[in-house]
2 protein chains.
Amino acid sequence: MRIYASTTISRLKALADPTRLRIVNLLAVRPLCVCSIEQVLGVSQTAASRHLARLQAAGILDSERRAQWVYYSLDEGFVTDHAGLLDYLKGEAADDVQLREDGARLEQHVEADTLCAADPEASTPDTVSVLSLETTRTKRNTQKEYV
Amino acid sequence: MRIYASTTISRLKALADPTRLRIVNLLAVRPLCVCSIEQVLGVSQTAASRHLARLQAAGILDSERRAQWVYYSLDEGFVTDHAGLLDYLKGEAADDVQLREDGARLEQHVEADTLCAADPEASTPDTVSVLSLETTRTKRNTQKEYV
DNA sequence: CGCGTATATGCGCATATCCGCATAATATGG
DNA sequence: CCATATTATGCGGATATGCGCATATACGCG
């Protein structure tokens, strides 16, 4: 197995995949759990999990477990240390049909409140217990008909 | 063979390779012929040619034949349309040991005038004939002892 | 604990990538 | 035309990547 001399390479490699770029495009809007990403992008659970792991290994994403769900978000260090790269990608995304459609689809799900679980941004784990989230949506598959 | 939905992906894929990033790092300084790139980076002729072709296919490099030599340079359109990406890469290069060493080695070759052929920037093909280049260096292998 | 949901991972397969060797293609000069 | 130098490319092998299937793991709940 090859070890890359620079992590610049692993970052670029991580971003050089259509599905992973779509994921970063979504997470630039807001953190999401794995099942939401599956929903919005229409990719398999396996693919979503694997691509997310790859992006996290490259230092691009961070993850936080909350109950059964794992929320992925852009890594804070990545956002600050590689703002130039992120800005470039956002510019490219604005010109890309599929990435724009993904963003629109995400927005629809947010407005219709059809994402699999509560908004992770609404509160930090410290202030509100996971147990108090009554709006939790269950069973990933109940959403699949909407797609 | 897969066709990528967006050329953003092919650009990132092209850059997501250590040797190709080293090549872009050199060509950001000045255009170079294939044999000079071999010299400075210490890579095989095959590898240099293949990586250059990949970068050119992604729209990152441009090439111009002059006599037996093919000079590669950063594509003008790439530099203007993707300045953000290029700037990011330059910033990363400043922090990368190998890329800095490559730059220093290139500078040494330039100052010692040990590159394989005359400076392509000195003149355009229109103003000065190829035949007038007396400083042409020949036989790629004569330089190899210096490495 | 046992069950259901969400996520991660081992495995095999198809394909892509990277490399070196050999050779072809291009260009110059005698 | 022939020899030489530079660059490109066909080929095969080693490795990496992406995917789906099946299964393991983590978590909350009753």
Problem - Whole angstrom value for the distance that separates P of dG30(C) from CD of Q68(B) - result: 12 Å
Fill in the blank from the handout: Rounded to whole Å, OH of Y71(A) lies from C1' of dC27(D) at a distance of 13 Å
Fill in the blank from the handout: To the nearest angstrom, the CD-P distance between E64(A) and dC27(D) comes to 13 Å
Handout entry: Spacing of I23(A) atom CD1 relative to dG18(D) atom P, expressed in whole Å
Key = 11 Å
Completion exercise
Closest heavy-atom pair, D102(A) versus V40(A), reported as atoms and distance to 0.1 Å, is O-CG1, 3.8 Å
Problem - Residue met sooner reading DNA chain D from 5', once Q56(B) and S44(A) are mapped to nucleotides - result: Q56(B)
Fill in the blank from the handout: Atom CZ of R66(B) and atom C1' of dT7(D) are separated, to the nearest Å, by 16 Å
Completion exercise
In whole angstroms, the gap separating P of dA16(D) from CZ of R54(A) amounts to 11 Å
Exercise for the section: Kindly give the heavy-atom pair with the smallest separation between A16(B) and I9(A), and that separation in Å. Expected result: O-CG2, 4.1 Å
Exercise for the section: Apply salt bridge (charged side-chain N to carboxylate O under 4.0 Å, His left out) to E92(B) and K90(B), showing your working. Expected result: CA-CA 5 Å; E92(B) 292 296 295; K90(B) 286 181 181 175; over 6 Å; no
Handout entry: Side-chain donor/acceptor contact of Q45(A) with base of dA6(C) under 3.5 Å
Key = no
Handout entry: Spatial distance of atom OG1 (T19(B)) from atom CG (N25(B)) [nearest 0.5 Å]
Key = 12.5 Å
Fill in the blank from the handout: Closest of dT9(C), dT7(D), dC21(C) to the R50(B) side chain is dC21(C)
Handout entry: Closest to side chain of V34(A), choosing from dT7(C), dA6(C), dC18(C)
Key = dT7(C)
Practice task
Compare side-chain N and O positions of H51(A) against OP1 and OP2 of dT17(D) and report whether any pair is under 4.0 Å apart.
Solution key: no
Exercise for the section: Consider the side chain of D17(B), meaning its heavy atoms from C-beta on, and name the nucleotide among dC18(C), dT5(C), dC19(D) that approaches it most closely. Expected result: dC18(C)
Problem - Short side-chain N/O contact from Y72(B) to OP1 or OP2 of dT6(D), under 4.0 Å - result: no
Completion exercise
Of T46(A) and R20(A), the one whose nearest nucleotide on DNA chain D sits closer to the 5' end is R20(A)
Fill in the blank from the handout: Q39(B) atom CD is separated from dT7(D) atom C1', nearest whole Å, by 15 Å
Exercise for the section: Have a look at H51(A) and tell me which of R20(A), Q56(A), R22(A) forms a side-chain hydrogen bond (donor to acceptor under 3.5 Å, both in side chains) with it. Expected result: R20(A)
Handout entry: Distance-only donor-acceptor test, R65(A) side-chain atoms vs dG28(D) base atoms, 3.5 Å
Key = no
Handout entry: Distance in angstrom units between W69(A) CH2 and dG4(C) C1', rounded
Key = 12 Å
